[in-house]
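Working notes, beginning with the structure itself.
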Number of protein chains: 2
Amino acid sequence: MKAEDHQGEIAPPERLWQSPTWLVGQLSGDAHRLIVDAITAVARTDYAVLAGLEEFGPLSQAALGRRLGIDRSDISVVLDRLQADRHVTRSPDPAHRSRKLVQITPTGRRRLERLDTNVKKAQHTLLKPLTPDQATELTSLLQRLVQHHRGYQHPPAAS
Amino acid sequence: MKAEDHQGEIAPPERLWQSPTWLVGQLSGDAHRLIVDAITAVARTDYAVLAGLEEFGPLSQAALGRRLGIDRSDISVVLDRLQADRHVTRSPDPAHRSRKLVQITPTGRRRLERLDTNVKKAQHTLLKPLTPDQATELTSLLQRLVQHHRGYQHPPAAS
DNA sequence: AGCGAAGTGTTGGCACGACCAACACTGCTG
DNA sequence: CAGCAGTGTTGGTCGTGCCAACACTTCGCT
């Protein structure tokens, strides 16, 4: 193990190192690890759904999925679990009888807040090597790209 | 579909919108789509491996995997395909008889160069909404984070 | 009024990527 | 020599994203 280990062994090829697509993929993996490690993998999805329900009022499942970038089918099964745990209520929309209005419960809110603190910690860990200015710069750049590629309309006023 | 569609329907919850972990995950998905769409999904992995082999000389599979952030087991099957297509040669290391030296072939180089142009296009598409300065700023920030979280040593002198 | 197109929720499936575990083998080091 | 670590391989699991189909509802149009 000597011949390979001591020289500059750990470094990716330049082609990838200069590729934003690769860099963002790698970093996404690290971020995923941090989150899963701070809360569980299932809680990761739950967090997004609960966050959506808390900030938008009662909402149809499809609309919720669109705003979170999650497929209708996947939303469905997540809500099954969330509803079983009393974090969410699913009631038929009286106006549109084919839709179901999803709503967060007080229990769900408590869970969301509990997850919040751990998620915040993960964010901080991820951005640790950056200065505060660089961190906000990075998130702002990411927001611009995400907004463009996912066709978001009025970006919720960034910090 | 009217009641929900025309107002500010498309926008993620603030909690996620302010989360670098979430943003980077979303963008990683977009980047992945762009690449898979420019070359195939298998070619995406091939590209990383071929890029590594082109820039580092002949190399053991494990070392290659380490530098690319890919598991030994996954490297193994990728090389099976690459070798079958004559893009790569696997020869036993004469010094370390338990290792196999992997080497890119001229055919592999040609494939790498062909992929290169399409990958470049994908990068450009991903960063289209940014100015050149912002683009280099973003990649530099991403590099710093990736370098930190994956423990790379001497970051190959960024642009 | 009725017909077709489109939206909704659900189930089931596929593909891909990131892991992990075990195995046989080689190499190093006490 | 014995034990431990590195190597390549096989095979498996899990999470995530995506698509297809289905039954049902709603909208738009003539």
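We name chains A, B, ... by the order of the sequence lines, and we start the count at 1 in each one.
- Under the side-chain hydrogen bond (donor to acceptor under 3.5 Å, both in side chains) criterion, A:Gln123 pairs with B:Ser19, B:Thr21, not counting sequence neighbours.
- The cluster map of Ile, Leu, Val, Met, Phe, Trp and Tyr, joined by side-chain heavy atoms under 4.5 Å apart, puts B:Tyr47 and B:Phe56 in the same cluster.
- Here C:dA18 presents its P atom at 11 Å from CH2 of A:Trp22, a figure rounded to the nearest Å.
- Here the side chain of B:Asp71 is nearest to one of D:dT9, C:dC20, C:dG27, namely C:dC20.
- Put simply, A:His32 has no side-chain N or O that comes within less than 4.0 Å of OP1 or OP2 on C:dG17.
- Residues B:Leu34 and A:Leu27 fall within the same hydrophobic cluster, defined by Ile, Leu, Val, Met, Phe, Trp and Tyr side chains chained together at heavy-atom separations under 4.5 Å.
- Separating the CG atom of A:Asp30 from the C1' atom of C:dA18 is a distance of 12 Å, rounded to the nearest angstrom.
- A:Ile70 has its CD1 atom 13 Å from the C1' atom of D:dG15, to the nearest Å.
- Here D:dG8 presents its P atom at 9 Å from CG of B:Asp93, a figure rounded to the nearest Å.
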(request) Determine, step by step, whether A:Arg109 and A:Asp116 satisfy the salt bridge (Lys or Arg N to Asp or Glu O under 4.0 Å) criterion, reporting the C-alpha distance in whole Å, the side-chain angles of both residues, the deciding distance to 0.1 Å, and the verdict. (result) CA-CA 10 Å; A:Arg109 278 206 166 79; A:Asp116 251 335; over 6 Å; no
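- At the phosphate of C:dC25, neither OP1 nor OP2 sits under 4.0 Å from any side-chain N or O atom of B:His96.
- If you check every strand for non-hydrogen atoms under 4.0 Å, B:Arg72 touches a base.
- Every residue two or more places apart in sequence or in another chain was checked for a side-chain hydrogen bond (donor to acceptor under 3.5 Å, both in side chains) with A:Gln103, and none qualifies.
- A side-chain N or O of B:Gln18 and one of B:Glu14 form a donor-acceptor pair less than 3.5 Å apart.
- For the segment residues 73-86 of chain A, residues with any heavy atom less than 4.0 angstrom from an atom of DNA chain C are, sorted by number, A:Ser73, A:Ser76, A:Asp80.
- Between A:Ile39 atom CD1 and D:dG15 atom P the separation is 14 Å, expressed in whole Å.
- Between B:Arg90 and B:Gln61, the side chains place a donor N or O and an acceptor N or O closer than 3.5 Å (distance only, hydrogens not considered).
- Taken residue by residue, residues 40-50 of chain B places heavy atoms nearer than 4.0 Å to DNA chain C at B:Ala41, B:Arg44, B:Thr45.
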Residues 37-46 of chain A, side-chain donor-acceptor partners within the protein, below 3.5 Å, at least two apart:
unit_1: A:Thr40; atom_1: OG1; unit_2: A:Ala43; atom_2: N; d: 3.2
unit_1: A:Asp46; atom_1: OD1; unit_2: A:Arg81; atom_2: NH2; d: 2.5
unit_1: A:Asp46; atom_1: OD2; unit_2: A:Arg111; atom_2: NH1; d: 2.9

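- As rounded to whole Å, 17 Å separates atom P of C:dG7 from atom CD of A:Gln61.
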Please report, to 0.1 Å, the donor-acceptor pairs under 3.5 Å made by any side chain of residues 68-77 of chain A, with sequence neighbours excluded.
unit_1: A:Asp71; atom_1: OD2; unit_2: A:Ser73; atom_2: N; d: 3.0
unit_1: A:Asp71; atom_1: OD2; unit_2: A:Ser73; atom_2: OG; d: 2.6

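- With D:dT7, D:dT25, D:dT9 as the choices, the nucleotide that has an atom nearest any side-chain atom of B:Ser60 turns out to be D:dT7.
- At the phosphate of D:dT26, OP1 or OP2 sits under 4.0 Å from a side-chain N or O atom of A:Arg97.
- Note: CZ (B:Arg99) to C1' (D:dT9) measures 17 Å, nearest angstrom.
- Between A:Ile35 atom CD1 and D:dC14 atom P the separation is 22 Å, expressed in whole Å.
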